J.: 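Submitted below is the structure of interest, expressed as structure tokens.
Computed from a prediction, not measured in an experiment: that's the story for all the values here.
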Amino acid sequence: QVQLVESGGGLVQSGGSLRLSCKASGFTIGYYAIGWFRQAPGKDREEVSCISDRDGSIYYGDSMNGRVTISRDNAKNTVYLEMNSLKPEDTANYYCVAANGNLITSIRTMCDPSYPNDYWGQGTQVTVSS
């Protein structure tokens, strides 16, 4: 069974940090680009960061650029998102997606919220208190 399972979310105070994990099962992430997105109630889906399966190229969305770091451990079939200096406006459900690396023209394209990714996780809630 193909799954992406996120973990690591929770309640944190403004200025705090969290490390999210995206664990894949049923497929090998080594052949997939992986992205992190977020969505808050009443707001549009927003890209956070994406990482290529090929050359390690990374894209960071504007909203959290400079405050997040994406990384992948193919041996553990897991992608991580380190988030620092969190703000109340970062409160959202954070989820990961996977897209076949053979079909991606650029990591920036894959990180567009409208890109037709192959697999989606359910997400992990991040709540930042002021």
Side-chain angles (χ1 to χ4, degrees):
Q1 182 182 3
V2 171
Q3 276 189 312
L4 287 171
V5 179
E6 302 89 342
S7 62
L11 176 64
V12 63
Q13 288 189 334
S14 181
S17 300
L18 284 173
R19 188 193 195 203
L20 306 184
S21 299
C22 170
K23 172 74 173 175
S25 60
F27 71 102
T28 302
I29 67 166
Y31 301 104
Y32 287 80
I34 305 294
W36 281 98
F37 292 79
R38 68 182 186 181
Q39 190 163 21
K43 294 188 177 181
D44 293 335
R45 185 186 310 149
E46 187 176 41
E47 71 276 15
V48 178
S49 182
C50 299
I51 185 167
S52 169
D53 61 315
R54 301 296 174 89
D55 57 5
S57 57
I58 290 172
Y59 175 81
Y60 290 108
D62 292 338
S63 61
M64 300 191 78
N65 194 11
R67 299 188 292 124
V68 295
T69 302
I70 192 171
S71 62
R72 63 191 297 155
D73 186 337
N74 289 348
K76 294 183 178 180
N77 230 25
T78 302
V79 172
Y80 304 97
L81 186 72
E82 188 78 35
M83 306 190 297
N84 301 303
S85 302
L86 286 165
K87 307 173 183 179
E89 51 264 44
D90 294 322
T91 295
N93 185 49
Y94 287 71
Y95 60 95
C96 58
V97 303
N100 188 326
N102 287 327
L103 305 178
I104 294 171
T105 56
S106 74
I107 196 63
R108 173 63 185 94
T109 300
M110 181 265 176
C111 224
D112 187 295
S114 65
Y115 188 85
N117 294 292
D118 294 285
Y119 307 121
W120 298 71
Q122 293 297 310
T124 184
Q125 179 66 33
V126 172
T127 302
V128 185
S129 63
S130 57

J.: Do Ile104 and Arg54 make a side-chain contact, defined as non-hydrogen atoms from C-beta onward lying under 4.5 Å apart?
T.: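 They are not in side-chain contact.
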
J.: Indicate yes or no: at least one non-hydrogen side-chain atom of Gln125 is less than 4.5 angstrom from one of Leu11.
T.: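 Counting from C-beta outward, Gln125 and Leu11 never come under 4.5 Å.
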
J.: For a quick test of your reading: what N or O donor-acceptor pairs under 3.5 Å do the side chains of residues 107-115 make, sequence neighbours left out?
T.:
from   : atom 1 : to     : atom 2 : distance (Å)
Arg108 : NE     : Tyr59  : OH     : 3.2
Thr109 : OG1    : Ser106 : OG     : 2.8
Asp112 : OD1    : Ser114 : N      : 2.8
Asp112 : OD1    : Ser114 : OG     : 2.6

J.: Regarding Arg45 and Asn93, is there a side-chain donor-to-acceptor distance under 3.5 Å anywhere?
T.: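 No, Asn93 and Arg45 have no side-chain donor paired with an acceptor closer than 3.5 Å.
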
J.: Please report whether the ring centroid of Trp120 lies less than 6.0 Å from that of Tyr95.
T.: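 Yes; Trp120 has its ring centre under 6.0 Å from that of Tyr95.
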
J.: How would you list, by chain and number, every residue that makes a salt bridge (Lys or Arg N to Asp or Glu O under 4.0 Å) with Arg38, sequence neighbours excluded?
T.: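 Salt bridge (Lys or Arg N to Asp or Glu O under 4.0 Å) check on Arg38 returns Glu46, Asp90.
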
J.: Measure from the side-chain N and O atoms of Asp118 to the backbone N and O of Asn100, and report whether any donor-acceptor pair falls under 3.5 Å.
T.: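 Between the backbone of Asn100 and the side chain of Asp118 there is a qualifying donor-acceptor contact (under 3.5 Å).
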
J.: Distance-only criterion, 3.5 Å: show the donor-acceptor pairs between side-chain atoms of residues 23-35 and protein atoms not counting sequence neighbours.
T.:
from  : atom 1 : to    : atom 2 : distance (Å)
Lys23 : NZ     : Lys76 : O      : 2.7

J.: With a 4.5 Å cut-off on side-chain heavy atoms, are Asn84 and Ser17 touching?
T.: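 The answer is yes, as the side chains (C-beta and beyond) meet within the 4.5 Å cut-off.
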
J.: Can you give me the closest heavy-atom contact between Tyr60 and Ile70, atom names plus distance?
T.: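 Heavy atoms of Tyr60 and Ile70 come nearest at OH-N, 3.1 Å.
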
J.: Evaluate the side-chain proximity of Ser49 to Leu81: yes if any heavy-atom separation is below 4.5 Å, no if none is.
T.: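 With C-beta onward as the side chain, the pair touches.
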
J.: Check whether Gln122 reaches the backbone of Glu6 with its side chain - one donor and one acceptor, N or O, closer than 3.5 Å.
T.: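 No.
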
J.: Write down the atom of Ser21, the atom of Thr78, and the distance for their closest heavy-atom approach.
T.: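 Residues Ser21 and Thr78, closest heavy atoms: CB-CG2, 4.2 Å.
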
J.: So do Tyr119 and Cys96 actually touch side chain to side chain, heavy atoms under 4.5 Å?
T.: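 Not touching, per the 4.5 Å side-chain cut-off.
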
